[in-house]
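Predicted model, so just to flag it, every value in this text is computed and none were measured. Only heavy atoms go into these numbers, but all of them, side chains included; no hydrogens, no water, no symmetry mates.
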Amino acid sequence: MEVADYKRERSTLIIAVLTLVTVGLSLIVSTGQVLSQQEEAGTQHLILASRSVLQAVDSSLRRNMTTDAQGGATFGAGAAEFFRELEQSGEVLFVGLIDKHGGRVLTSRSSGESGTILFPPDALRTLAQTGEWHGRVGFGLASAYVYGKRIIPGNTGSMSIARAETGEPLPAFLVVGLDMAKHQAIYRKFRQNALFQAAYILGAAVLIWALAMGLIKRREMAGKARQLERFQVKLLDNLPDGLVTIGENGAILAANPAANGILQARGEGLAGKLLDDLPDDILRCLAAPETETAGWRQDSVRGAHLEILSVRMPGSSETDDASRLVIIRDRTQIRTLEKSLSDAEKLAAVGTLAAGVAHEIRNPLSALRGFAQYFAKKFKDRHPEEVYAQTMVREADRLNRVITDLLYLARPRRVTPRLVRLRALVSEVEDLVRFDLDERKVNMVVSLGPEEVWADEDTLKQAVLNLVLNSLDALKETDGGARQVDVASGLAKDGVWLFVRDTANGMTKEQAEQAFEPFYTTKKKGTGLGLALVHKTMRDHGGKAIIDTAPGHGTTVGLFFPDHDDDVADDTNEADAERDS
């Protein structure tokens, strides 16, 4: 039986899940790197733009800004025009001058608007220490990217800022703030597109993963289905019972080897044939039952005893031509065993009877036979006394043979197989029945193929004698025609057949079926033990006895002796040698 490998299924699932996780993590990392690079590129653009604007503003302010008496800075007409151009560009949010403490914008857009720049603490320290800083700051409700640069006192001319109490110039920082709204909008759109692409790729990966898992699952299921199919095929091919599937149109869809063997279907077997094309006995076997609950039924096909069950296939229509499954069991061997058991029971009964009466009959029978012989001698040449005495002797001998046969049937006897020469054995039997052959004008013909057989000589001789005597009795009741008894032998595949044939009237089928049963006879004075003894002899040899007969065609009894075992032959030869010595 094949067992599915579930560990392989679990390992495949684990690999697929790890693959999906790896793809997802890789996509997340790559998307984060792209966004980070895009943000860095935007920041570099802002730095360059703010630096350029700052340099332009620095140049313009140096030419157009003046300081009043209170220390405030004012712009000239040229600076105002320059600021309007910056406002119209939409890029510059503010331009101003701050001291090192930051806080308030000293100078902003040309419109005069002012606000508080929310510098980080480290930004002002960096400005004071290095003279230059750039970064993101808050300006009111807006967000700006600021680039600031120190304005060196003493070199700035009119841009210097002085202390009120001392007049000492203070360091000032020129700052330019670019509006980040457009930059942030572009970045958000880029991020949205990047996230959408990542989600799309991830979704496509999940879909491909799901499809791949489905494909793998289907392949695994297909593999299991193939395994199950192979298992079912092996199971059905090796079943001892026959299975035949019949379609709605009467065609045989499938038949396992057991069905072909049981029904003895030759050639290509039963599959693919129509019921109407089959022989009558097979058609009768596969025919639909009269009722759905018919159950098992008995039938015989070509000498085989069968049990047949026909069941409707699920989903088929409620008609006689519906799809059916026919199950066929060969019960020939069981029937043979049952018959053997029945014969054994009868023989046991015979043995019980024989053991009980043999002793009681033989002693008085010997006395009666002795007195009969005495009277036969005393009344010699006297009629009818001599005839009566001789009749008593013959009947006593016949009764003694019956008792001997009963004891032989009852007592288990070990056969001693050896190589027997059939021609010599048949000649001895012919000599024993010569008087009957001549009296009844019967011709005995001997035609031997194999002239040797492995058997117990005494029991074989008794069996052949019984068969020849039965043939003579049958020919005695035959009027006219050829009166002949044939003794022949033939070689089989695994043994030797010995046949005894006669040209009498033959037997009916019912008579042939009961011929081997003890005490069954059709003769007026028969005991019914002759063929029973023959049957027992063949069972003791491990062979078999068959009857081929028909009314008006005579009777043939075949005895099959299987080939001997070499080991048994050696043991038998040694035993014979010891006995002879």
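- Every side chain to side chain donor-acceptor pair (under 3.5 Å) that Asp299 has, sequence neighbours left out, goes to Arg284.
- Checked against side chain to side chain donor-acceptor pair (under 3.5 Å), Glu40 has the following partners two or more places apart in sequence or in another chain: Gln44.
- Partners of His535 by side chain to side chain donor-acceptor pair (under 3.5 Å), not counting sequence neighbours: none found.
- By the salt bridge (Lys or Arg N to Asp or Glu O under 4.0 Å) test, Asp548 pairs with no residue at all, sequence neighbours left out.
- Partners of Glu307 by salt bridge (Lys or Arg N to Asp or Glu O under 4.0 Å), not counting sequence neighbours, listed by chain and number: Arg331.
- Under the salt bridge (Lys or Arg N to Asp or Glu O under 4.0 Å) criterion, Arg191 pairs with no residue, sequence neighbours left out.
- Under the ring-ring contact (aromatic ring centres under 6.0 Å, His included) criterion, Phe560 pairs with Trp497, not counting sequence neighbours.
- A search for side chain to side chain donor-acceptor pair (under 3.5 Å) contacts involving Arg335 returns His305, not counting sequence neighbours.
- Legend: residues meeting ring-ring contact (aromatic ring centres under 6.0 Å, His included) with His183, ordered by chain and number and at least two apart, are absent.
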May I have the list of side-chain donor-acceptor pairs in residues 21-32 shorter than 3.5 Å, sequence neighbours left out?
residue : atom : partner : partner atom : Å
Thr22   : OG1  : Leu18   : O            : 2.7
Ser26   : OG   : Thr22   : O            : 2.8
Ser30   : OG   : Ser26   : O            : 3.0
Ser30   : OG   : Leu27   : O            : 2.9
Thr31   : OG1  : Leu27   : O            : 2.7

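- With sequence neighbours excluded, no residue forms a salt bridge (Lys or Arg N to Asp or Glu O under 4.0 Å) with Glu513.
- Under the side-chain contact (heavy atoms from CB on, under 4.5 Å) criterion, Pro257 pairs with Asp237, not counting sequence neighbours.
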